[in-house]
Undergrad: 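Handing you a structure now.
Throughout, residue positions are numbered sequentially from 1 according to the sequence presented. Keep in mind the model is a prediction, meaning the values are calculated, not measured.
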Amino acid sequence: MSAQKQRLELTWIGKEKRPKLEPRILLEDAERSYHAKHRVTDEDRFDNRLIFGDNLLALKALEQEFSGKVRCVFIDPPYNTGSAFTHYDDGLEHSIWLGLMRDRLEIIRRLLSDDGSLWITIDDNEAHYLKVLCDEIFGRGCFVTAFIWKKVDSPNDNKVPITPDHEYLLCFSKTLGARPFKQKSDNSILDAYRKPDVESDRPYRDRLLKKNGKNSLRTDRPSMFFPLISPDGTEVLPIHDDGREARWAMGKETVDELIAKNELIWKKRETGWIPYTREFAPDSPSRPYPTIWSDLDTTRQTKAHQKTLFGEDVFDTPKPEDMLQRVLDMSTNPGDLVLDSFAGSGTTGAVAHKMGRRWIMVELGEHCHTHIIPRLKKVIDGEDQGGITESVGWQGGGGFRYYRLAPTLIVNDRWGNPVINPEYNAAQLAEALAKLEGFVYAPSETRWWQHGHSSERDFIYITTQTLSAEQLQALSDEVGTSKSLLICCSAFRGITAAQATERWPNLTLKKIPKMVLARCEWGHDDYSLNVANLPMAEAEPLEVGGRKAGKAAMTLDLFGGEGEKA
C-alpha cells in the first residue's frame, strides 16, 4: 500500500457531523481598504485581502477563486488549552476542537497549490492529535517535520517541576513526496574555499583524490585501486604513507569523466605527482535548516515589538516576525500567495507584505480593526521599524483591500417563509447564485443576459422577474444553438420547466429561492472556535441504566459535565 493511501483515522464524538457551508460572496468596504499614496517599487503589491468574518465561511468563500493557487498557509489556531485567551475563546472540549479544525483543514488543502505547504503552530496539548488529524487529511507521506521553536529566553521562576519552553510548528506538503522547500542562504560556506586566483576565476578548493581514513584500503573497495598517468607519463597508484595499498575516492568511470573534462588537477610534491579533484563554490551558498529553532525572537522580544505597534494591548502568545520570515523563505518566492485564516494580530500579512508576497488574512475578532488594520497601515506607510523591517530593507508601499462576508442569502420573512435576503442588490444576488451554481461571476458589457460562465459555451442569467414564454423565446434566440444558458428567476408563467427544456434545448430554468433551499445551512454566521456558539447536535437516544436517555445525557457525554438528569 502506498504512503498516500496509508490513512490513520482519528475518532472523536461528533466526527460524522459536517456543516453544510454557504459559499458567501465577499463585499469590499473601500473605506477600510488602504493603499500607499505612491508606488515605492515596481514590486509593490496592492491586491492583498483582509477579510473580516468567520474563517470557515471565509475559506469557503475563497474556494472557487483560489483553489490550487495558495503557495503557503500559515495558521496559529487557538491551542485548546483552557487558558481563556484574551482574543480567542480557547479551551474547547477536545472532540469539538478536532471537528472544527478538520472542517478548516479540508478546505485549506483544496486551496493549496500542488507545490504548496501548510504550517501550523501548536503546543503539547493537541500537537499529537493534530498530527494524526493532518495525516488523515493530507496523507502520512505528506508530513514534512515538526519544527521546535524555543519561545523563552530566560528561566521560568514558577515553583513547578517542569515548565515548557517550546512550541511546535507542524509542516505538511500538499503533494505526496513533494518537498518544495529552499535551503538557508549561508555565505559563511565560502570561507572554506580559496578566493579566485591564477588557477581559477571562481572560488575553489582542491581535495585529494586518494581516500583517507576509514574504509580507505584497497581491500575495502578493490575496484577503486587502479593506476593513473601523471603529466610526465609516470604511473601513479594510491598508496598510504605507511606503504599500504589505498584506494581512490572515486571509481574509474568517474575519474575518466574528470580527465575528459580537464577537471583532474595534478600537483608536484616531494614524493611525486599527487592527483586532486577541484570543487568550485556554489553560486548561491546554502545549507539545510535545522528542526530546532532556538535562534528566533522569543515571546518576550515579540511582545516588546507589539508594544511599539499596539501599546500595552498585546497578544499573550504572539509569533515573531522572523519565524514567519523563515517559513516564507523556505516555502515561497516573491509574488507567491500566502494565506492565514487565524490572522490574530496580523503577523503573517505584515511579514508577507515586507517580503513581497501576496497575502490573504481572515479574522473574526474585533482586533481585526483595533490591531491588524493599524499594524498594516504602519507597514504600508513605512512606519513599522521593528520585526524584519531592517533585515529585508523594507521602506513601505503596496496596500490591501478589506472585505467582509456578505449576509446569508436566504432569510425567513415575517410569516416564516424562506425568501431572498432583501439586503442583496441585483449584482450581489447574481454573484451569489453564480457561485452557488458553480459559475464564475463575470457580467458581460454587451450581453445583458450573461452574468457568468462555467465554460466557453455555458452561461448563467439571474433575475428576480417572472419570465413569460415570449421572453424565454427571445432569450433562446439570442443565446443561439451553440451555447447553453441557465436561467435563475423568481418564476415563469405559461410553461413548466420540463416543457421549457423540450421547447428550448439551450435553456435550463430554475426558480429562486427554491433551487438552493436544501444546499446549505442558511443564516449560520459563526462557526468560530467558541463552544458557546455551537448548536447541540441532534442524537439518537442512548441506553442509560436500562432506559432511553435524552439530550441532557448527550450533553453530559459530549462535554463531560454534570448536566441535568434525563
Undergrad: I need the Trp522 CH2 to Leu409 CG distance, nearest 0.5 Å.
TA: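 Going from CH2 on Trp522 over to CG on Leu409, the span is 5.0 Å.
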
Undergrad: Is the shortest distance from a Lys or Arg side-chain nitrogen in Asp295 or Arg326 to a carboxylate oxygen in the other one below 4.0 Å?
TA: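 Looking at Arg326 together with Asp295, the answer is yes, because their closest N to O distance falls below 4.0 Å.
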
Undergrad: Is the distance between the ring centroids of His371 and Phe315 under 6.0 Å?
TA: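 Between His371 and Phe315, the centre distance is under 6.0 Å.
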
Undergrad: Is the positively charged end of Arg49 above the ring of Tyr403, judged by distance under 6.0 angstrom from the centroid and angle within 45° of the axis?
TA: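 Geometry flag: set, cation within 6.0 Å and 45°.
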
Undergrad: Evaluate whether atom CD of Glu366 has more than 12 neighbouring non-hydrogen atoms of other residues, nucleotides or ligands under 6.0 angstrom away.
TA: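 Correct, the count exceeds 12.
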
Undergrad: Taking the six-membered ring for Trp, are the ring centroids of Trp448 and Tyr461 within less than 6.0 Å of each other?
TA: yes

Undergrad: Only one of Leu100, Leu364, Val362 passes side chain to side chain contact (heavy atoms under 4.5 Å, CB included) with Asn55; say which it is.
TA: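 So, applying the side chain to side chain contact (heavy atoms under 4.5 Å, CB included) to Asn55 and each of Leu100, Leu364, Val362, only Val362 qualifies.
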
Undergrad: Got a sec: does the CD1 of Ile292 have more than 12 other heavy atoms crowding it under 6.0 Å?
TA: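 No, CD1 of Ile292 has 12 or fewer neighbouring heavy atoms, counting only those of other groups under 6.0 Å.
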
Undergrad: Measure the spacing between CG of Asp47 and CZ of Arg358 and express it to the nearest 0.5 Å.
TA: 6.0 Å

Undergrad: Is it true that Trp149 and His166 share a donor-acceptor pair across their side chains at a distance under 3.5 Å?
TA: no

Undergrad: Check each of Phe181, Trp119, Tyr168 against Phe147 using the ring pair (Phe, Tyr, Trp, His ring centres under 6.0 Å) test, and report the only one that passes.
TA: Trp119

Undergrad: Using a cut-off of 6.0 Å, state whether more than 12 heavy atoms not belonging to Glu423 lie near its atom CD.
TA: no

Undergrad: Please report the closest heavy-atom contact between Ser117 and Leu112, naming both atoms and the distance.
TA: O-CD2, 3.5 Å

Undergrad: Do Arg404 and Phe52 form a cation-pi contact, if we require the NZ or CZ to be under 6.0 Å from the six-membered ring centre and within 45 degrees of the ring's axis?
TA: no

Undergrad: Does any N or O in the side chain of Asp336 come within less than 3.5 Å of the main-chain N or O of Asn333, such that one atom is a donor and the other an acceptor?
TA: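 Yes, Asp336 side chain to Asn333 backbone: donor-acceptor pair under 3.5 Å.
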
Undergrad: Using a distance-only test with no angle check, is there a side-chain donor-acceptor pair under 3.5 angstrom linking Tyr34 and Arg32?
TA: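 Note: Tyr34 and Arg32 side chains miss the donor-acceptor criterion.
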
